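What follows is a single structure, written as structure tokens, with notes after it.
These numbers come from a predicted model, not from an experiment. To find a chain, count down the sequence lines: A is the first, B the second, and so on, and within it residues start at 1.
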2 protein chains.
Amino acid sequence: MSASSEQPIVAPITDSITETDADELKSTLQLCMLPGLGPRTLRSLLDYFGTPEQVLTASGPQLAAVHGVGPKLIHTIRTATHHVDPNEILSWCREHGCRLICRGGKDYPQGLEDLVDAPPILFVRGSLDAADEMSVAMVGTRHASTYGLQQAERLSYGLARAGVTVISGLARGIDTAAHNGAINGGGRTIAVLGGGLGKIYPKENAGLAKAIAADGAVISEYAPHATSRAGMFPQRNRLIASLSLATLVIEAPDRSGSLITANLAAEQNRTVLALPGPVTSRTSRGTNQLIRDGAVLIQTVDDILEALGPMNRPVSTADGNEVRNPAELKLNELERQVLSAIGETSTPIDSVIAASGLPAHRVVATISVLEMRRLIRRLSGQYVSRV
Amino acid sequence: MSASSEQPIVAPITDSITETDADELKSTLQLCMLPGLGPRTLRSLLDYFGTPEQVLTASGPQLAAVHGVGPKLIHTIRTATHHVDPNEILSWCREHGCRLICRGGKDYPQGLEDLVDAPPILFVRGSLDAADEMSVAMVGTRHASTYGLQQAERLSYGLARAGVTVISGLARGIDTAAHNGAINGGGRTIAVLGGGLGKIYPKENAGLAKAIAADGAVISEYAPHATSRAGMFPQRNRLIASLSLATLVIEAPDRSGSLITANLAAEQNRTVLALPGPVTSRTSRGTNQLIRDGAVLIQTVDDILEALGPMNRPVSTADGNEVRNPAELKLNELERQVLSAIGETSTPIDSVIAASGLPAHRVVATISVLEMRRLIRRLSGQYVSRV
């Protein structure tokens, strides 16, 4: 699969970097892509030795001094060149329009920084955007019902129309419907893979992956040719959860991977949302139980936007608006106008009226709407502020 | 409709009362059944004058001194004998095996005492039982879906099997399914009517009402021949809510009478439960919204029993067990045995083992089950107590 020939979406990362940068990148790849070396042990090694280059040239006894490093891993590190060929990875990336984004770099997603085991490198086809911070993960079972598939598509479509990025895992079932809904809604969607970008799984979603990369991104923390293994999906799920403000579980039977994603989201202080379903449906049993356990029940796109709450910092949307709270995305022109006249601190309603240039009764009515949408708070009869 | 001829379920109340009691009962009926006199104003009148007899013999100016009493009501009270014939009511009750239960009497349901406007008199066909304190109200739309009807019947059946009384309103749809489920489960069910016992509404439920009275009760606060009017249903709903430990809404569209019952239940510190449903179903929109607003999502009978929590005081069930927490109703013999050895205060596990006469490992395993069912609490590794 090669999207790059028609649309070189982004320049490969190596375009603008110097020879030294390139060497450093190669060492980083060499080390980070080693089989059997997880993000936590990698972190320990880098903390101990300083740079990937120094880890790769360390002796066996030096490596053994690091917590969690055993004889098998020492052997792997000492024979790193047998396992990983950074040149091959880089040329694959060049050929397939794939960028590498390193932790600490400016394009590295803010949300991943919350992970103790954040991936040191992300492989990205397509582009990550500042507006992707305003995103919702939508996940669910591969064995979805018609109800689940329709709702995933409907809600994802609505989120995309509102300007929210939809993040999912490119799996069959709910994931596929979520990505499709966002594409049909003309919005951005990000697929996080459980294997390498060169091994799209399931194969039938290769075309979907291409469509996602065109207006969003397909990303992976694994080397392009890494094949998905069972253990990689929970790893992938933690990325999905931390990239998003909230995780919405559409359908999940008891004991489903989606429930694990929901747990990871909760652990990372992300809001957990769930779609209710009939108690007679096996695939709604997990989501109904999640709601029993405290997840927010979602019926509409508005419910989702309301649940996202205010953001840590304002985000610029594609249409150039600055949004502080995703619920603003559904406002009409009048509501937006009145909201923009209300500050973070106590603002007199009189000055909102003056600033908006609108008739007093319309401003007052609009203030009630904004209050109901939990975007502003009435401090007293005469004062309001943002929430 | 006359059930009494085949089965004189209970003796009419007048059987055992003296002449003076009978006069008092007649005055009470005369006053309480007056049209246009609500429970709150009735309360004010009784507080002011002392007895129904004194209210009925008061002069116009004396009556006018009571808050909420206007010229129209004064006229009605002064011409009470034109509106209500207590002898007719009493003879109807005698003929139809209907008891009158007065507020303050020993059979008056404890739960109703929480109402500021508790009905002064209840007309009862069938019997009220001490075990009815362990009851769940099950309500929902008259225009129910197959899903709602099946779930109402399934959950009601399960509650009845467990020994919980199911309370509902004899309406079409969910109410009918709830009563039927309880009857099929061999348990008790109570129908609270929005009109008089002599005017069963809807008429098609006359047979059901008879079946309910046989092993439960059909009750009303209205005179036997009172026809249901729109305003009487919210009044009726407040009785349903306060007779029950919790109100379970099975299906309700937005703005449904069932949601009013749920609100009344919440106001009276009763737990509100709701069955989730597909967001595509109009009749689940209200229940899903209730859950968003904090109602407990219910999937199973166990979920309901768990939500009821511990009771104010233990209740004796039909099989002679004393139950402190409805969740105990689903215990097996072993679990019951271990639970009975655990006290309200800190109990050493060693003495639970000794008291039960069971092998230590079975007791320890059973303690974990009881803890999971939230019936007991582990105070430390060695001590447990009831929740």
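With a 4.5 angstrom heavy-atom cutoff, R285(B) touches chain A via backbone and side-chain atoms both. The contact between Q289(B) and chain A is made by backbone and side chain atoms together, counting heavy-atom distances below 4.5 Å. At a 4.5 Å heavy-atom cutoff, the contact between I298(B) and chain A is made by backbone and side-chain atoms alike. With a 4.5 Å cut-off on non-hydrogen atoms, E251(B) does not touch chain A at all. Proximity to chain B involves both the backbone and the side chain of Q299(A), based on heavy atoms less than 4.5 angstrom apart.
When the candidates T280(B), V296(B), T300(B) are compared by the number of heavy-atom contacts under 4.5 Å with chain A, T280(B) comes out ahead.
When atom types are taken as modelled, the side chain of S145(B) and the backbone of G148(B) share a donor-acceptor pair closer than 3.5 angstrom. Checked by atom type and distance alone, the side chain of S135(A) pairs as donor or acceptor with a backbone atom of L243(A) at under 3.5 Å.
Between P253(A) and R282(A) the shortest side-chain heavy-atom distance falls below 4.5 Å.
R255(B) meets the salt bridge (charged side-chain N to carboxylate O under 4.0 Å, His left out) test with no other residue; sequence neighbours excluded.
For R142(A), the CZ atom sits in a loose shell: 12 or fewer heavy atoms of surrounding residues, nucleotides or ligands are nearer than 6.0 Å.
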